[in-house]
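Everything quoted here is computed from the prediction, not taken from an experiment. We count residues from 1, following the sequence as given.
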Amino acid sequence: MKYLMLVCWDAEKMDAQAETDPNESTEEESFPWLDDLRARGIWVTGDQLAPPRRARSVRVRDGKTLVTDGPFAETKEAVGGFDILECDTLEEAVEIAAGHPVAAVGTIEVRPLWGS
C-alpha cells in the first residue's frame, strides 16, 4: 500500500532559506534516512517544496477564482516536502516517519493514498 508523508516544519525558517538557482547544477548529497529507504525499495518519490512565501492558495467561489499569497491556514508549521512510500502497513509507514530527521523538530503526517 502507498502512504503519503507530509513533512511539515517551521514556516518562518523555510521562508528564510536561500533558494537555489534552478539552472545551477547540484550534486545530490547523501541523506542516510532516504538512502536506507531506497536500498529497501520502500521510497517511491518525494521532494522538498519551495517556501510558503512562493505558494498561492486558489479557491473558486460563486464562479470567481480567488487567489491569495501563501498557504491559506495561519500556522507556524507548513508543508515543506513530501515522500510517498510503499509499505505493508500503516504501522510500518509510521515507524519510517518517526525516523525522518524533520520528525525531531517538526511534524510528519502519514496518510494512506486512496485506492492504493
Side-chain angles (χ1 to χ4, degrees):
M1 180 170 231
K2 288 187 179 127
Y3 294 89
L4 172 66
M5 290 182 14
L6 295 172
V7 181
C8 307
W9 68 92
D10 188 292
E12 285 184 20
K13 287 182 182 178
M14 279 189 272
D15 276 334
Q17 287 179 321
E19 293 187 47
T20 58
D21 182 350
N23 298 320
E24 191 176 291
S25 175
T26 57
E27 288 187 32
E28 198 171 311
E29 63 184 70
S30 179
F31 188 34
W33 177 86
L34 181 57
D35 295 342
D36 175 60
L37 295 179
R38 283 180 172 156
R40 293 166 48 198
I42 291 172
W43 190 78
V44 176
T45 191
D47 209 339
Q48 184 173 348
L49 301 176
R53 71 175 180 272
R54 293 201 30 215
R56 299 297 177 267
S57 293
V58 179
R59 292 177 295 292
V60 176
R61 301 294 183 269
D62 298 320
K64 294 181 183 177
T65 302
L66 307 168
V67 180
T68 55
D69 291 345
F72 180 68
E74 290 294 324
T75 181
K76 292 183 186 238
E77 287 186 345
V79 177
F82 72 95
D83 293 283
I84 296 178
L85 310 175
E86 183 80 43
C87 299
D88 292 330
T89 65
L90 177 59
E91 291 74 20
E92 181 185 11
V94 167
E95 182 180 325
I96 290 168
H100 193 292
V102 172
V105 296
T107 303
I108 310 294
E109 181 178 334
V110 180
R111 288 194 209 176
L113 295 182
W114 240 188
S116 172

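A pairwise comparison of heavy atoms in F31 and P101 identifies CE1-CG, 3.5 Å as the closest pair. D15 and P51 get closest at one heavy-atom pair: OD1-CB, 3.4 Å. In plain terms, the two heavy atoms of Y3 and A93 that are nearest each other are CG-CB, 3.7 Å. Closest approach of A103 and A98 over heavy atoms only: CB-O, 3.9 Å. Nearest heavy-atom pair across R53 and A16 is NH1-N, 4.1 Å.
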Candidate pair D83 and V7, rule side chain to side chain contact (heavy atoms under 4.5 Å, CB included), full reasoning: CA-CA 8 Å; D83 293 283; V7 181; 3.8 Å; yes

Audit row: V44, L85, side chain to side chain contact (heavy atoms under 4.5 Å, CB included) steps and yes/no: CA-CA 5 Å; V44 176; L85 310 175; 5.9 Å; no

Criterion side chain to side chain contact (heavy atoms under 4.5 Å, CB included) on W43 and L34, from CA distance to verdict: CA-CA 8 Å; W43 190 78; L34 181 57; 3.4 Å; yes

Worked check of side chain to side chain contact (heavy atoms under 4.5 Å, CB included) between K76 and D10: CA-CA 6 Å; K76 292 183 186 238; D10 188 292; 5.6 Å; no

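Using a 4.5 Å heavy-atom threshold, the side chains of T45 and F82 count as touching.
The side chain to side chain contact (heavy atoms under 4.5 Å, CB included) check on D36 picks up R40, with sequence neighbours excluded.
Atom-to-atom distance recorded for I108:CD1 and C8:SG is 7.0 Å, nearest 0.5 angstrom. Interatomic distance, M14 CE to R54 CZ, rounded to the nearest 0.5 Å: 13.5 Å. Distance CD1/I42 to CD/E92: 5.0 Å, rounded to 0.5 Å. Atom CG in L66 sits 7.0 Å away from atom CZ in R61 (nearest 0.5 Å). Rounding to the nearest 0.5 Å places NZ of K2 at 7.5 Å from CD1 of I84. Atoms CG and CD, on L6 and E77 in that order, are 11.5 Å from each other to the nearest 0.5 Å.
One finds a salt bridge joining D69 and R56 here, because a Lys/Arg side-chain nitrogen approaches an Asp/Glu carboxylate oxygen to under 4.0 Å.
Between the E109 side chain and the M5 main chain, no donor and acceptor come within less than 3.5 Å of each other.
Heavy-atom neighbours of Q17 CD from other residues, nucleotides or ligands within 6.0 Å: above the threshold of 12.
A ring pair (Phe, Tyr, Trp, His ring centres under 6.0 Å) check over residues 85-108, counting only residues at least two apart or in different chains, returns the pairs W33-H100.
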